[in-house]
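Computation of the quantities below employed the complete heavy-atom set of this structure, encompassing side-chain atoms and omitting hydrogens, waters and symmetry-equivalent molecules.
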Amino acid sequence: QLRSNHLFEDAVIGANAPAAPQPRLFGGFSFTPAPEPDPLWADFGPACLVLPPLTITFAAEGAWLTVCRFDETGDPAARIQELRDQAEAFCAALPDLPISAPAAPRWALTPAISPDAWRAMVNQAVAQIHSGALRKVVLSRALEAAADGPFDPVAALERLDALYPDTFRFLFEPEGGAAFFGASPELLAGVHASVLTTAALAGSRRRGRTGSEDAALAADLYGFHRLGA
């Protein structure tokens, strides 16, 4: 947080710039900073945030192109004009940009663990629940997918946009050759002005004594909870 504040404390932003397209950092954090990270996530690290030089923002009131650049000349006026020229050139080139539609590759899916190892994990979890060591366990299985041709993460994200328009789609590629993308049905947290909004879609509640009480508890579980900052 302190480093991000320092990054933007001397930022020069247009006086009439709306809030939506202002510079922002993109990235993520691991759940646990393991001393020896999984090789699958080695290119991402425990934390990684980037300030994109170009950002396109769509909001209810329109769309914007945001251009960011570090100024080492000490002449903000000249640099702002340079950024405006760069933004205008980018917008002028948009109609002529090639739009590729690569054919979807064929995939071979392989479980990351064997069926016997998976059954052993389930049996171990059930035994720990019966012993009282655990009350709830969430197990997941990973699949390794191998394509028969080049894989384009941007094309995959476009397909997710078409298939799951009501989700939050994301693509993060800090280095070439390693990308993290997906489509999540829930937003972990959103901050607007002084209000934090979160939705817990994977929560659980006790059962009600009647059908109507069940419905009320379910509605409360699925409801958005707002916390004033």
inquiry  = Using only atom types and a distance under 3.5 Å, with no angle test, would you say the side chain of Thr66 pairs donor to acceptor with the backbone of Gln22?
reply    = no
inquiry  = Is any side-chain heavy atom of Pro23 closer than 4.5 Å to one of Cys68?
reply    = yes
ask   = Looking at residues at least two apart in the chain, or sitting in another chain, which of them share a side chain to side chain contact (heavy atoms under 4.5 Å, CB included) with Glu173?
value = Pro153, Ala179
query = Excluding sequence neighbours, so at least two apart, what forms salt bridge (Lys or Arg N to Asp or Glu O under 4.0 Å) with Arg135?
reply = none
Pairs involving residues 135-171, ordered by first then second residue, that meet ring pair (Phe, Tyr, Trp, His ring centres under 6.0 Å) (sequence neighbours left out) = Trp107-Phe151, Phe151-Phe181, Phe170-Phe180
Sidechain-backbone polar pair: Asp214 side chain, Gly208 backbone, donor-acceptor under 3.5 Å = yes
ILVMFWY cluster, Val50 and Leu171 together (side-chain gap under 4.5 Å) = no
ask   = So which pairs with a foot in residues 85-95 pass side-chain hydrogen bond (donor to acceptor under 3.5 Å, both in side chains), sequence neighbours left out?
value = Arg69-Gln86, Gln81-Asp85
Sequence neighbours left out, cut at 3.5 Å: what donor-acceptor pairs do the side chains of residues 141-150 make with other protein atoms?
unit_1, atom_1, unit_2, atom_2, d
Asp148, OD1, Arg106, N, 3.0

key: Residues which pass salt bridge (Lys or Arg N to Asp or Glu O under 4.0 Å) with Asp43, listed by chain and number, not counting sequence neighbours   = none
ask   = Who are the side chain to side chain contact (heavy atoms under 4.5 Å, CB included) partners of Ala117, not counting sequence neighbours?
value = Ile113, Ser114
ask   = Quick one: salt bridge (Lys or Arg N to Asp or Glu O under 4.0 Å) partners of Arg119, sequence neighbours excluded?
value = Asp116
remark   = With sequence neighbours left out, the residues meeting salt bridge (Lys or Arg N to Asp or Glu O under 4.0 Å) with Arg84 are none
message = Tell me every residue that passes side chain to side chain contact (heavy atoms under 4.5 Å, CB included) with Pro52, counting only those two or more places apart in sequence or in another chain.
response = Phe26, Thr55
task = Enumerate the residue pairs fulfilling salt bridge (charged side-chain N to carboxylate O under 4.0 Å, His left out) with a member in residues 121-130, sequence neighbours excluded, ordered by first and then second residue.
result = none
ask   = Partners of Leu65 by side chain to side chain contact (heavy atoms under 4.5 Å, CB included), sequence neighbours excluded?
value = Leu54, Ile56, Val67, Ala87, Phe90, Cys91
